[in-house]
Amino acid sequence: MSPLELLMAGLLVAAALCLWRAWRGPTPADRTVSVELLGTVMVGFCAVLAVKTGKDLYMIVASPGRCSPSSAA
């Protein structure tokens, strides 16, 4: 496995752990933080995927400010 593939596998494990924490809780704050972290992990995954494939489309998705709450206003 290449280092990028290992990084992608680690990010997928992190995403699975975030989903588990969002499902298990125990408090609403835990669920909120896990969903926020899941979004961050997915942006990282898109960035690594862009480097691996050489396609800049994934970097457009992963660019900062595209999905932030402040950009919705």
Side-chain angles (χ1 to χ4, degrees):
M1 280 182 103
S2 72
L4 287 176
E5 289 171 343
L6 287 173
L7 185 56
M8 290 171 68
L11 288 170
L12 286 175
V13 168
L17 290 173
C18 287
L19 288 172
W20 180 79
R21 176 50 59 194
W23 178 61
R24 292 286 296 177
T27 66
D30 290 324
R31 291 182 173 99
T32 302
V33 170
S34 68
V35 170
E36 291 279 336
L37 184 58
L38 180 62
T40 303
V41 168
M42 288 296 104
V43 168
F45 187 83
C46 287
V48 172
L49 192 60
V51 171
K52 182 168 175 50
T53 61
K55 295 184 180 181
D56 62 346
L57 174 67
Y58 299 112
M59 286 304 285
I60 294 170
V61 172
S63 64
R66 300 265 309 164
C67 298
S68 67
S70 61
S71 67

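Throughout, residue positions are numbered sequentially from 1 according to the sequence presented.
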Exercise answer: donor-acceptor pairs, residues 13-28 side-chain atoms, under 3.5 Å, sequence neighbours excluded:
| from | atom 1 | to | atom 2 | distance (Å) |
| --- | --- | --- | --- | --- |
| R21 | NH1 | G25 | O | 2.3 |
| T27 | OG1 | D30 | N | 3.2 |
| T27 | OG1 | D30 | OD2 | 3.1 |

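- M42 and V35 are not part of a single hydrophobic cluster, where members link through side-chain heavy atoms under 4.5 Å apart.
- Pairs passing the salt bridge (Lys or Arg N to Asp or Glu O under 4.0 Å) check and including a residue from residues 6-20, sequence neighbours excluded, do not occur.
- Remark: K55 engages no residue in a salt bridge (charged side-chain N to carboxylate O under 4.0 Å, His left out) (not counting sequence neighbours).
- Pairs engaging residues 43-52 under the salt bridge (Lys or Arg N to Asp or Glu O under 4.0 Å) rule: E5-K52 [sequence neighbours left out].
- In plain terms, the two heavy atoms of V51 and L4 that are nearest each other are CG1-CD1, 3.9 Å.
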